[in-house]
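Just so we're clear, the structure is a prediction, and the values are computed from it rather than from any experiment.
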Amino acid sequence: MSATPPPPGPYAAAPTLMSPEDQRLYSTLLHIAGIFFSWLSALIGYLLLKDRGGFIRDHARQELNWQLTVTGALIVSYILFFLVIGFFTLIAVYILAIVFGILSAMAANRGEHYRFPLAIQFIKA
């Protein structure tokens with residue numbers, strides 16, 4: 001006797017798209033969280049929100065690429081810290097991370113796409 005398989009559970013449902021206002025809000029929060037929690041918040045935000053709309057996908061991808069770039073620059077700065085230049089590069093990286101994080105959050109809040117000027121594109125479309 002063959003039984004029909006059970007219908008898929010709620011976990012199989014496609015994610016619903018966010019409204020444009022929600023996409024702007026979550027993009028702004030994602031950029032602000034990146035200032036405080038670095039790549040971890042960017043990775044979680046990218047994995048959870050990338051299928052919820054094009055605007056949030058673009059901002060989450062840009063934020064993750066930026067945070068990975070900042071993390072790499074911090075590692076290089078800590079290695080160079082034993083030399084005098086590492087102290088200055090460390091300060092510069094932190095300042096750029098804060099300034100670009102604020103600029104990207106403001107752009108997301110206005111509903112504009114933002115691309116970080118110095119970010120390496122690890123994750124492409």
Side-chain angles (χ1 to χ4, degrees):
M1 217 172 178
S2 66
T4 59
Y11 55 86
T16 58
L17 295 178
M18 289 183 175
S19 68
E21 294 81 20
D22 286 344
Q23 290 187 46
R24 285 187 8 223
L25 172 68
Y26 280 99
S27 296
T28 303
L29 293 175
L30 187 63
H31 289 298
I32 292 172
I35 295 172
F36 297 105
F37 302 111
S38 187
W39 62 271
L40 187 60
S41 64
L43 178 64
I44 292 170
Y46 179 75
L47 292 175
L48 293 178
L49 300 173
K50 67 179 179 179
D51 296 328
R52 303 295 300 267
F55 186 77
I56 187 79
R57 180 185 311 113
D58 183 52
H59 275 274
R61 181 175 50 85
Q62 292 297 329
E63 180 66 22
L64 182 57
N65 284 331
W66 171 244
Q67 291 301 330
L68 291 175
T69 302
V70 167
T71 301
L74 288 174
I75 291 170
V76 170
S77 294
Y78 281 120
I79 291 171
L80 293 175
F81 197 78
F82 297 108
L83 304 173
V84 177
I85 193 162
F87 177 74
F88 298 110
T89 59
L90 189 67
I91 292 172
V93 169
Y94 279 121
I95 290 173
L96 287 175
I98 292 170
V99 169
F100 286 153
I102 292 170
L103 290 175
S104 63
M106 289 171 38
N109 193 30
R110 289 189 304 263
E112 301 171 356
H113 290 279
Y114 186 82
R115 186 174 172 126
F116 291 93
L118 303 174
I120 299 169
Q121 297 298 310
F122 293 105
I123 300 173
K124 300 185 184 346

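In this pair, His59 and Phe55 present their aromatic rings tilted. The plane angle is within the 30 to 60° band. Classified by interplanar angle (parallel below 30°, tilted 30° to 60°, perpendicular above 60°), the ring pair Trp66/Phe100 is perpendicular.
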Could you walk me through whether Asn109 and His31 pass side chain to side chain contact (heavy atoms under 4.5 Å, CB included), step by step?
CA-CA 10 Å; Asn109 193 30; His31 289 298; over 6 Å; no

Test log, rule side chain to side chain contact (heavy atoms under 4.5 Å, CB included), inputs Arg115 and Gln62:
CA-CA 6 Å; Arg115 186 174 172 126; Gln62 292 297 329; 3.7 Å; yes

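Hydrophobic clustering (ILVMFWY, side-chain heavy atoms < 4.5 Å, transitive): Phe88 and Ile98 are in distinct clusters. Transitive grouping of hydrophobic side chains (ILVMFWY, heavy atoms separated by less than 4.5 Å) brings Phe81 and Ile95 into a common cluster. Linking ILVMFWY side-chain heavy atoms closer than 4.5 Å, directly or via other members, places Leu29 and Leu49 in two distinct hydrophobic clusters. Connection of Leu47 to Met18 is established within a shared hydrophobic cluster, with ILVMFWY side chains joined at heavy-atom distances below 4.5 Å, either directly or through further cluster members. No continuous path of hydrophobic side-chain contacts links Ile75 to Tyr94 [ILVMFWY only; heavy atoms under 4.5 Å].
Between Glu63 and Tyr46 there is no side-chain heavy-atom pair separated by less than 4.5 Å. Contact check for Glu112 versus Met106: no side-chain heavy atoms found under the 4.5 Å cut-off.
When all heavy atoms are compared, the tightest approach of Asp58 to His113 is OD2-ND1, 2.8 Å. Closest of all the heavy-atom pairs between Trp39 and Leu64 is O-CD1, 4.2 Å. The two atoms that bring Leu30 and Ala42 nearest to each other are CD1-CA, 4.3 Å, heavy atoms only. The two atoms that bring Ala105 and Ile32 nearest to each other are CB-CG1, 3.9 Å, heavy atoms only. When all heavy atoms are compared, the tightest approach of Thr89 to Ser77 is OG1-OG, 3.0 Å. The minimum heavy-atom distance between Asn65 and Ile123, with the atom names listed, is OD1-N, 2.8 Å.
A donor-acceptor pair is defined here as one N or O able to donate and one able to accept, closer than 3.5 Å; such a pair exists between the side chain of Gln23 and the backbone of Ile56.
Other residues, nucleotides and ligands place no more than 12 heavy atoms under 6.0 Å from the CD1 atom of Ile85. Counting heavy-atom neighbours within 6.0 Å of Phe122 CZ, excluding the residue itself, gives a total above 12.
Interatomic distance, CG of Leu96 versus CD1 of Ile91, reported as 12.0 Å (0.5 Å rounding). Rounded to the nearest 0.5 Å, atoms CZ (Arg57) and OG (Ser27) are 11.5 Å apart. Atom CG in Leu43 sits 8.0 Å away from atom CG in Leu68 (nearest 0.5 Å).
Shown are Val76, Val70, Thr69; of these, the side chain to side chain contact (heavy atoms under 4.5 Å, CB included) with Val93 is made only by Val70.
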